[in-house]
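Inspection log for the structure reproduced underneath, given as structure tokens.
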Amino acid sequence: MSTAAVKLVATPFYQELPSDVSMRLDTFLNYILLERVEIVPEQRKWILHLSLSCPVQEEILGLLTESLKKRLNSGNENNGITIEIKTKMSPDVTLELLCQEHWLQIIQDIHEKVPSLKVWLNASVKYEVVKNRLTFFVPSMMAMEYCQLKQDSLESFFRQKYGLEARIFWEIEETAAEEEIYFDAEKEEQKYVEEILSKKPEEKKEKKEQNAVLLGREIKGTPAPLADIHDEEKQVIVEGEVCETEIRLLKSGRQLLSFGLTDKTNSIGCKLFFDEGKKPLEINKGDWLRVKGSVQFDRYTTELTLMPRDMMTVSKTSKPDLAEEKRVELHLHTKHSEMDGVSSIQNMVKRAGEWGHTAIAVTDHGVVQAFPDAAEAGKKYGVKIIYGMEGYLVEDAGTNPVELSRSRSFHIIILAKDYTGLKNLYKLVTASHMEYFYRRPRIPRSLLDAHREGLILGSACESGELMRAILQKKDAAEIKKIASYYDYLEIQPLGNNRFMLKNGEVSSEQELIDMNRHIVSLSKELGIPVAATCDVHFLDKEDEVYRRILMAGKGFADADEQAPLYFRSTDEMLKEFAYLDEEDAYRAVVATPRMIAEQVAEIKPFPDDFFEPKIEGAADKIRDMTMTRAYELYGNPLPEMVQKTLNKELDSIIGNGFAVLYLIAHLLVKRSNEDGYLVGSRGSVGSSLVATFTGITEVNPLPPHYRCANPECLYSEFVTDGIAGAGVDLPDKICPQCGRELVKDGHDIPFETFLGFKGDKVPDIDLNFSGEYQPRAMKYTEEIFGKENVFRAGTISTIAEKTAYGFVKNYLEERKVKYNQTELNRLVSGCTGVKRTTGQHPGGLMVIPKECDVFDFTPLQRPANDTSSDIITTHFDYHSISGRLTKLDLLGHDDPTSIKMLEDLTGLDAKKIRLDDTQTLSLFSSTDALDVTAEEIGSTTGTLGIPEFGTKFVRQMLEDTKPSSFSHLVRISGLSHGTNVWVGNAQDLVLNGTADISNIIACRDDIMIYLIQMGLNSSHAFKIMESVRKGKGLKDEDIEAMKKQNVPDWYIDSCQKISYMFPKAHAVAYVTMAFRIAWFKINYPEAFYATFFTVRADEFDAELICSGVKKCREAIKEIAAKGNNATAKDKNLQTILEIVVEMYCRKIKLRKVNLWESDAVRFQVTPDGLLPPLSSLQGVGETAAASLVKLREHGTIKSVEDIQARSNGKISKTVIETLQQHGCLEGLPDKNQLSLF
DNA sequence: CAGTTTGTCCCGAAGTC
DNA sequence: ATCACGACTTCGGGACAAACTG
Ligand SMILES: Nc1nc2c(ncn2[C@H]2C[C@H](O)[C@@H](COP(=O)(O)OP(=O)(O)OP(=O)(O)O)O2)c(=O)[nH]1
Ligand SMILES: [Mg+2]
Ligand SMILES: [Mg+2]
Ligand SMILES: [Zn+2]
């Protein structure tokens, strides 16, 4: 080790450098001193400490490191030595000096370190150095705000890079334009972050201490399998994965931590107690633990339970892949192989990554729905994804369509080599689902041939064409012909095919071996490579139990005979083919799959960018329409508040490509209104004033204000002193200009909730259509964009908790296996998430811009592959392609239907109902307005049947909070939606006096506004709001920033708990609708009840309900007594009955269903009371009801026999009996009185 | 006429806003 | 009786009855 610094040029290191490197170093030679060399023997690492008297580019230092490392490890001696370079500036270099001499270099280094600063800190940026203070002059407030965020990074950069304690200051240089610069900076940053993420996935891995003792002492003994525990035991040692955890507060104040442990042979519940106030151990799902303790019979759970005495973490004991050169799996199924694959692609790719496999293929049966998750996992774990599919090939050469549809299909592996291949694959998926679907999505050979470019074909498994031919002992020429169709031939472990011994297709183990040998020899003969594949259906051997349970659930008799279709390591796989020549085996297992993997390019299933549709002139139309409406309501010139809001919004909407979406939404609303169906407002789009002015929402997001509706006057006045949360809560006022009563409006909602600050969110536009009109709205959208440019988003239904639970229970009980709750839960969670069927999104339409091709984003299919459906959906679900395409959400909703019916019945215009009506407001806290008592109707508020305000939970909230204004109702609406928003969160804060109803979090906008107020950077505040509203909680850096700005702990805590939260705009829209319906409930009770029962009461049971209020009360009690055992239907019926009781209390009569007068499905208001429809009788469906009405209209009904005979079988015996029971057929003869004489 | 297919009604489950 | 998000759509499957098929 040298003590005095020497010039690098004088050291042996320099001599060792290749000439190209030393040449590039030459410029710096006089500035680099080698201080000392530190050697870390145990890491085989040399650290060169350099002292620099001028900044040296990172690139140069990197070059130096690399070439020295290469040199030291060259030749046959691979020493494994690593080199690290640490630099500091020589002590006589001051900040001033450095900046004077090397400003350009410094700026360049800054750009490398913090790319987003490029925009503001270029070489010409003004700066000033005084001692260790460096002041930058940036162009704008925004720039400064942004730069300040990077201050810490910059200071630490000066420290690390130059060893200087620089203090950085920012000042505004008064001149430049700002907005756009800001925008670019963020993009730059984004790009950089993405780059880093994509480059170094392994750096994100979690650091967790292994073998740490969590409790008691270190455990020395060997763990026993959990399956061996059958009884109470004094002491056992076990090891496994934590599969569930729960912390409960006991009455005594002690805390109970219970968790489940599984080693996949069995599972066991564990219990640990902690004293009051002590922090329980932190144990998470997925942790691996070794536990020593006693097994006791727990009387509370009535199960054997492990009481840990000692506990430690252990490293996960998954088997390694130690091979030097590793295999690549080319045939793998995930949970997206319908009811067949049981492991997630994430876990598969994770394993491949842990094993050091460079690539892994995804080949689900007939579908590619695992691609999005695969792409994400590939990025995360640094494994190349080979996008593929196991298709169903059918021979169509020389067959007619009928034969084609019946012929058997063969499995075939199709891998996409590049983007051409991927697109072809998507086309094949589409065609096989849309045109050739018969039980399975089938691919005719001619179609495959036509799309073969960019695809690699493998011969698949025993259900592949090649193996079938061999099994059928077809002649050699034929077999050769078949084999030559493929790019590679597959052989699989014998275990995959052993089931054929049982079913008699193959007579001996030897024959199985011979088949694989046959394929190897074919390969040699034809020069087509052989690849050994697992046909993976589950990750680990033990995971086959999940597949067994699923197959048993589907009714397969042979469910228990699972082939070992697990993911094998290289050595495991080589062992499977030990009977082959060593060289052949190695080639098949390792060399060929690697070679194939190398042919495949790194691709993505779809682009990452956002693509918006374009329509000529859309932006101008939106702008004009908005301004016209604005002038109409607020006069010209516009009040400053309106003008400013519109400027900001229009720039953002048009700049971010949302003009077209606005235009379409506007047209849809307009068309629906013209067709007589009003449209309900919904979603975050109500935060946009442009949306208000274009008719997309009726929510007005401006601050509370008055405006004069007199077109000659148009006076307006904004009230920003905070006395009212909503315009409608303002006191009435007369226009000071013209004396008319002023209109009150404005709900004070920030636009950014919709689009963010810099378009950093891709929202949708949501509209509530009447259920009857929804399909027409969809059709109209297709008309506007063209059928080939809009598609219904598809959904993927999986086995979820309940179904899995049923399957597991059945499985275990049928086989009389003893099990405990923990093991049951573990098996259930292993079975969930497996695809079961596909469906259609409730209202999502994805828009493909004209200049794009849908196959750049997704294949297409029909919901549930129902060939008779005329709906086309995306093959990927909305979530996985969100952010790339614009989406319209045309949802069905009952509010518009209800309001329309109420308007029809009363002849009124619901929009004219005053939202400051005090009587209506009182309904939300008392029953007085209904003229009934709380006892009579069993509710202290009058909101039974008012949408989103009628449930027990919300009524309780209303009772507790007694809302006294419209804006108060809006807050209640926000607080009453989402888990852990009110109970266990806001409610506690109010009760214990920490906060009051005005500053708790009631809707997502609250969060953003408050955080900005507290001094957080606005875009960070926005991000926090988005994270909280989705129930994702806060990140560490969020909490840090919040604490820094003195956001109180209770607020942070509250954010962490929220699992979902409305935008204010949505709450306003829904309260508006609820308020109107409440008004009708008070003023037009018959119309209200008729509407409620027609629109929202599927379970209306006329037979029960017509028998009087007493029977109804009894029925309510009966259902209540069922408690948790009440079904969804029971609960629905209960609400209906409660409303019926209320109706009876208000002295409104209900008639019996009447064969001659009752409508098929609608309740009618008649002078003698409400008349229920035919379909309100349980057992009389809509079809039967409709055909009864039709019979009635086409000539008289002469007899009971007549009804059945003339109904085309639509009216069954059961229906007739139901009608008879209810007395509808009284006086009607059984048979036609037709005399034969 | 027996066996199979088709149509209705209902219900639970899942997904989504 | 506890606690408690509300509302809406679609799909599969069971029960049953009627219509069709050979
Ligand atoms: N009660 C309740 N309503 C929901 C839930 N999810 C969505 N909604 C309602 C409120 C939303 O504003 C509205 C539209 O949903 P979206 O998914 O389009 O979200 P939103 O418009 O709020 O935000 P966006 O800007 O589209 O990301 O539907 C939920 O989990 N519970
Ligand atoms: Mg939305
Ligand atoms: Mg939506
Ligand atoms: Zn006026």
Side-chain angles (χ1 to χ4, degrees), chain A residues 554-555 680 682-684 764 766-771 774-775 792-806 832-833 835-844 863-866 869 871 873 877-879 887 889-895 897 946-957 972-984 987 1031 1058-1063 1066 1070 1073-1074 1095-1096 1098-1099 1120-1124 1126-1132 1135 1175 1177-1187 1204 1207-1218:
Chain A
K554 280 241 98 177
R682 160 174 214 140
S684 61
D764 58 356
D766 305 275
L767 295 170
N768 273 348
F769 287 94
S770 167
Q774 191 199 15
R792 192 77 170 268
T795 60
I796 299 165
S797 267
T798 63
I799 300 282
E801 199 96 334
K802 281 184 172 160
T803 311
Y805 201 86
T832 54
K835 176 182 167 188
R836 204 181 33 164
T837 181
T838 54
Q840 43 191 314
H841 191 282
N865 293 318
D866 177 358
S869 170
I871 290 168
T873 70
D877 64 351
Y878 161 63
H879 175 71
K887 167 170 165 256
D889 228 334
L890 313 184
L891 295 143
H893 199 85
D894 286 346
D895 279 358
T897 320
I946 304 301
E948 319 242 319
F949 283 94
T951 65
K952 262 218 164 67
F953 172 61
V954 180
R955 281 186 284 125
Q956 183 64 51
M957 273 185 74
I972 302 281
S973 169
L975 288 164
S976 59
H977 291 90
T979 315
N980 300 323
V981 172
W982 179 244
V983 174
Q987 186 183 34
I1058 290 167
S1059 68
Y1060 171 74
M1061 182 144 280
F1062 272 176
H1066 182 80
Y1070 270 43
M1073 282 301 193
V1095 178
R1096 313 184 114 109
D1098 274 347
E1099 282 87 359
K1122 286 191 195 173
N1124 265 342
T1127 62
K1129 180 191 150 82
D1130 285 337
K1131 285 176 188 158
N1132 287 343
T1135 3
S1175 63
L1177 287 165
Q1178 297 294 291
V1180 181
E1182 287 196 14
T1183 329
S1187 69
Q1204 234 184 317
S1207 80
N1208 276 332
K1210 295 248 165 71
I1211 299 164
S1212 67
K1213 208 172 66 190
T1214 353
V1215 170
I1216 304 254
E1217 279 162 12
T1218 312

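Throughout, protein chains are lettered first and strands after them, A, B, ... in sequence-line order, and every chain is numbered starting at 1.
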A:Glu1217 CD: over 12 foreign heavy atoms closer than 6.0 Å: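 Atom CD in A:Glu1217 is crowded, with more than 12 foreign heavy atoms closer than 6.0 Å.
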Name the residue closer to the 5' end of DNA chain C, choosing between A:Ile871 and A:Ile1211 according to the nucleotide with the nearest heavy atom. A:Ile871
If you assign each of A:Gly1123 and A:Asn1208 to its closest nucleotide in DNA chain C, which residue comes earlier from the 5' end?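 Closest to the 5' end, via its nearest nucleotide, is A:Gly1123.
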Those residues at least two apart in sequence (or on a different chain) that pass side chain to side chain contact (heavy atoms under 4.5 Å, CB included) with A:Thr873 are A:Arg792, A:Gln840, A:Gln861, A:Pro863, A:Ile871
Could you state the atom-to-atom distance from [atom1] of [X] to [atom2] of [N] in whole Å?
X	N	atom1	atom2	result
A:His977	C:dA7	NE2	C1'	8 Å
A:Lys1131	C:dG6	NZ	P	11 Å
A:Ile1216	C:dA17	CD1	P	13 Å
A:Arg836	C:dG12	CZ	C1'	7 Å
A:Leu767	C:dC8	CG	C1'	16 Å
A:Arg955	C:dG6	CZ	P	11 Å
A:Lys1129	C:dG14	NZ	C1'	15 Å
A:Tyr878	C:dT10	OH	C1'	20 Å

Base, sugar-phosphate alone, or nothing: which one does [X] contact when heavy atoms must sit under 4.0 Å apart?
X	value
A:Lys887	sugar-phosphate
A:Lys952	base
A:Ala1184	sugar-phosphate
A:Tyr1070	nothing
A:Gly978	base
A:Gln1204	sugar-phosphate
A:Gly683	nothing
A:Asp866	nothing
A:Arg1096	sugar-phosphate
A:Ser1059	nothing

Any side-chain N or O of [X] below 4.0 angstrom from OP1/OP2 of [N]?
X	N	value
A:Gln840	C:dC11	yes
A:Thr1214	C:dC16	no
A:Thr837	C:dG12	yes

First encountered from the 5' end of DNA chain B, between A:Ala1128 and A:Gly1181: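 So the residue in question is A:Gly1181.
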Given that A:Gly1209 and A:Lys802 both sit by DNA chain B, which one's nearest nucleotide is further toward the 5' end? A:Gly1209
Shoot me the first and last contacting nucleotide of DNA chain B against chain A, ordered 5' to 3', at under 4.0 angstrom to non-hydrogen atoms.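 The contacted stretch runs from B:dT8 to B:dC17.
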So, using side chain to side chain donor-acceptor pair (under 3.5 Å) as the criterion, who are the partners of A:Ser770 when residues are at least two apart?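 A:Ser770: side chain to side chain donor-acceptor pair (under 3.5 Å) contacts with A:Thr897.
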Check A:Met1073, A:His893, A:Arg1096 against A:Pro947 for a side-chain contact (heavy atoms from CB on, under 4.5 Å) and give me the one that passes.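 That would be A:Arg1096; it is the only one of A:Met1073, A:His893, A:Arg1096 passing the side-chain contact (heavy atoms from CB on, under 4.5 Å) with A:Pro947.
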Filter on side chain to side chain donor-acceptor pair (under 3.5 Å), then keep only pairs touching residues 1207-1216 of chain A, sequence neighbours left out; what's left?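 Only A:Ser1212-A:Thr1214 qualify under side chain to side chain donor-acceptor pair (under 3.5 Å).
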Hey, which of A:Asn768, A:Asp889, A:Asp766 is the one that makes side chain to side chain donor-acceptor pair (under 3.5 Å) with A:Arg682?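 When side chain to side chain donor-acceptor pair (under 3.5 Å) is applied between A:Arg682 and each of A:Asn768, A:Asp889, A:Asp766, only A:Asn768 qualifies.
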Minimum-distance nucleotide (side-chain atoms of A:Val983 versus C:dT2, C:dA17, C:dA4):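 Among C:dT2, C:dA17, C:dA4, the one nearest the side chain of A:Val983 is C:dA4.
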Sequence-distant partners of A:Arg836, salt bridge (charged side-chain N to carboxylate O under 4.0 Å, His left out), two or more places apart: none
Residues that A:Asp764 engages under salt bridge (charged side-chain N to carboxylate O under 4.0 Å, His left out), provided they are two or more places apart: A:Lys887
Indicate the ring-plane relationship of A:His977 and A:Phe1062, choosing parallel, tilted or perpendicular according to the 30° and 60° boundaries.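 Rings of A:His977 and A:Phe1062: parallel, as their planes differ by under 30°.
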Please measure how far the P atom in C:dA4 lies from the corresponding atom in B:dT16, and state the result in whole Å. 25 Å
